[in-house]
Q: 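So that we are looking at the same thing, I have put the structure below in structure tokens.
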There are 2 protein chains.
Amino acid sequence: MNADIAEALRARGHRVTRARRAVWQALEDAAGHLTVEQLASRVRQHEPGVNTASVYRSLTLFSEFDLVRESRLGDDEAGRWELAHPDEHFHVVCEQCGEVDHHVGDLVEQVRDHLANGHGFRTVTVELTVTGRCERCA
Amino acid sequence: MNADIAEALRARGHRVTRARRAVWQALEDAAGHLTVEQLASRVRQHEPGVNTASVYRSLTLFSEFDLVRESRLGDDEAGRWELAHPDEHFHVVCEQCGEVDHHVGDLVEQVRDHLANGHGFRTVTVELTVTGRCERCA
DNA sequence: TTTCATGCAAATTCTTTGCAAGTTA
DNA sequence: TAACTTGCAAAGAATTTGCATGAAA
């Protein structure tokens with residue numbers, strides 16, 4: 001819902017504002033990858049007058065808590081944002097129709113293990129993006 | 001060397017120019033991930049007067065032949081470029097010291113197989129980036 | 001010579017920031 | 001009320017583009 005973000009904010013001494021709540025809500029509703037512009041436009045449907053700069057500021061703040069994540073998919077020049085789901089997943093992008101799918105699997109786990117055991121590297125994030133042709137566009 | 005890029009250009013009806021050769025050379029010498037600005041500065045050491053815009057244009061052209069590849073590593077805002085090595089590899093970025101390592105492994109192959117068999121997805125590129133702490137910065 | 005590529009500067013796009021005014025605790 | 005956030009506009013950074021000149025075929 002909306003309770004968790006309020007809590008998360010308060011817990012770290014930040015204020016719970018209309019703008020921040022609306023940004024969070026929009027991310028939850030979308031459950032996908034949105035550019036800041038797309039996000040801002042959805043935010044304004046619920047909370048008119050929210051400025052794009054505030055969306056950026058909210059996202060920056062949330063990302064400090066690891067609640068959201070930015071990724072650059074395909075050859076897009078704008079960053080895209082999504083909720084930082086706790087389950088590891090990777091992105092599959094069709095270069096024809098632009099659709100982005102999430103795939104959950106143990107591949108990400110494997111990478112983490114591989115690096116920890118062999119190379120002394122402490123993995124924080126794994127970003128795996130696959131581009132190609134989806135079934136429909138093949 | 002420098003022969004392959006000349007050939008690749010001619011084969012597609014593009015001209016072999018000083019700027020393009022210098023960009024290619026710089027990418028070969030670096031064998032790493034360079035921002036356009038870094039690349040431009042190295043290019044000018046061999047070929048003074050080459051404009052940054054031309055570096056962008058060369059990279060765009062090369063990427064149409066799949067000879068180079070752009071990747072956004074870490075939370076960097078600028079794109080980084082490298083030669084598109086035929087061998088599959090992934091990037092390991094230390095968020096402390098910023099160092100970027102290449103790891104060659106069969107993980108990328110696994111992803112490709114997984115998607116082809118189960119989901120009818122024809123993979124074109126796999127981009128796998130891991131961020132965390134390297135051994136020295138742990 | 002004819003066509004393509006470059007340099008330069010201006011234009012775009014994405015993102016960040018300064019500051020006065022509005023909100024939250 | 002006091003401190004934090006926002007909106008707005010301007011500033012920045014990265015990348016692209018128009019166009020006249022210069023270089024390659």
Side-chain angles (χ1 to χ4, degrees), chain A residues 2-3 5-26 33-41 43-65 68-81, chain B residues 2-3 5-26 33-41 43-44 46-65 67-81:
Chain A
N2 221 294
I5 190 60
E7 217 173 299
L9 286 168
R10 265 192 286 265
R12 315 195 194 214
H14 295 282
R15 295 189 173 169
V16 181
T17 68
R18 292 168 173 285
R20 286 173 181 168
R21 255 203 292 254
V23 170
W24 185 258
Q25 186 76 54
H33 310 76
L34 299 177
T35 63
V36 172
E37 232 16 275
Q38 293 173 322
L39 195 48
S41 129
V43 163
R44 286 187 205 106
Q45 289 174 11
H46 293 277
E47 203 68 62
V50 172
N51 193 273
T52 303
S54 298
V55 176
Y56 275 103
R57 284 189 276 229
S58 297
L59 291 170
T60 303
L61 186 63
F62 296 166
S63 70
E64 282 165 17
F65 311 158
V68 298
R69 182 186 314 168
E70 181 184 19
S71 45
R72 309 267 186 168
L73 302 172
D75 51 1
D76 222 354
E77 62 293 316
R80 291 171 169 273
W81 295 81
Chain B
N2 221 294
I5 191 59
E7 218 172 301
L9 285 168
R10 265 192 285 265
R12 317 199 192 211
H14 295 283
R15 295 188 174 169
V16 182
T17 67
R18 291 167 174 285
R20 287 173 181 167
R21 255 202 295 251
V23 170
W24 184 258
Q25 186 75 54
H33 310 77
L34 298 177
T35 63
V36 172
E37 231 19 274
Q38 294 173 321
L39 196 47
S41 128
V43 163
R44 286 188 204 103
H46 293 278
E47 203 69 62
V50 172
N51 193 273
T52 304
S54 298
V55 176
Y56 275 103
R57 284 189 276 230
S58 296
L59 290 170
T60 303
L61 185 65
F62 296 167
S63 70
E64 283 166 17
F65 311 157
L67 294 175
V68 298
R69 183 186 313 168
E70 182 183 19
S71 44
R72 307 268 186 170
L73 302 171
D75 51 1
D76 222 353
E77 62 293 317
R80 290 171 171 274
W81 295 80

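Bear in mind the structure is a predicted one, so any value in this text is a computation, not a measurement.
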Q: Can you give me the closest heavy-atom contact between B:Ala26 and B:Val43, atom names plus distance?
A: CB-CG2, 3.9 Å
Q: Residues two or more places apart in sequence or in another chain: which of them pass side chain to side chain donor-acceptor pair (under 3.5 Å) with A:Arg15?
A: none
Q: Would you mind classifying the nucleic acid contact of B:Arg20 as base, sugar-phosphate or nothing, using non-hydrogen atoms under 4.0 angstrom?
A: sugar-phosphate
Q: Carefully, step by step, assess A:Thr17 and A:Leu9 under the rule side chain to side chain contact (heavy atoms under 4.5 Å, CB included).
A: CA-CA 10 Å; A:Thr17 68; A:Leu9 286 168; over 6 Å; no
Q: If I compare all heavy atoms of A:Ser71 with all of A:His33, which pair ends up nearest, and what's the gap?
A: OG-CD2, 4.2 Å
Q: Go nucleotide by nucleotide along DNA chain D from the 5' end; which of B:Glu37 and A:Ser58 gets its closest nucleotide reached first?
A: A:Ser58
Q: Select base, sugar-phosphate, or nothing to describe what B:Ala19 touches, counting heavy atoms under 4.0 Å on all strands.
A: sugar-phosphate
Q: Specify the separation, in whole Å, of atom CG of A:Leu39 and atom C1' of C:dC14.
A: 15 Å
Q: Heavy atoms under 4.0 Å is the rule here; annotate nucleotides 20-25 of chain C 5' to 3' with B where the base is hit, S where only the sugar-phosphate is, and - elsewhere.
A: ---BBS
Q: Hey, what bend do you get for the helix from C:dT1-D:dA25 to C:dA25-D:dT1 if you fit axes on five pairs at each end, rounded to 10°?
A: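 Answer for the end axes of this duplex: 40°.
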Q: Can you list the residues that meet the side chain to side chain donor-acceptor pair (under 3.5 Å) rule with A:Glu37, with sequence neighbours excluded?
A: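 A:Glu37 satisfies side chain to side chain donor-acceptor pair (under 3.5 Å) with no residue once adjacent residues are dropped.
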Q: Side chains of A:Val68 and A:Val23: closer than 4.5 Å at any heavy-atom pair?
A: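 The answer is no; the side chains never approach within 4.5 Å.
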Q: Go through the structure and list residues passing ring pair (Phe, Tyr, Trp, His ring centres under 6.0 Å) with B:His46, not counting sequence neighbours.
A: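 So B:His46 forms no ring pair (Phe, Tyr, Trp, His ring centres under 6.0 Å) with any residue.
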Q: Whole angstrom is fine here: how far is it from CG in A:Asn51 over to P in C:dT16?
A: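 Rounding to the nearest Å, CG of A:Asn51 and P of C:dT16 are 13 Å apart.
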Q: How would you list all residue pairs meeting side-chain hydrogen bond (donor to acceptor under 3.5 Å, both in side chains) that involve residues 49-64 of chain B, not counting sequence neighbours?
A: B:Arg44-B:Thr52
Q: Check the angle between the aromatic planes of A:Phe62 and A:Trp24 and answer parallel, tilted or perpendicular using the 30° and 60° thresholds.
A: perpendicular
Q: Applying side chain to side chain contact (heavy atoms under 4.5 Å, CB included) to A:Arg21 and A:Glu47, what does each step give before you reach the verdict?
A: CA-CA 9 Å; A:Arg21 255 203 292 254; A:Glu47 203 68 62; over 6 Å; no
Q: Without decimals, in angstroms, what is the distance between A:Gln38 CD and C:dT15 P?
A: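 Atom-to-atom, A:Gln38 to C:dT15, this comes out as 12 Å.
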Q: Does A:Tyr56 put a side-chain nitrogen or oxygen below 4.0 Å from OP1 or OP2 of C:dT16?
A: no
Q: What range of DNA chain D does chain A touch, first nucleotide to last, counting atoms under 4.0 Å from its heavy atoms?
A: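 Contact span on the strand: D:dA3 to D:dC8.
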Q: Check whether A:Arg72 reaches the backbone of B:Arg72 with its side chain - one donor and one acceptor, N or O, closer than 3.5 Å.
A: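 Not at all, since once roles are kept as given, no pair shorter than 3.5 Å links the two residues.
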Q: Between A:Trp81 and B:Ala53, who's closer to the 5' end of DNA chain C by nearest nucleotide?
A: B:Ala53
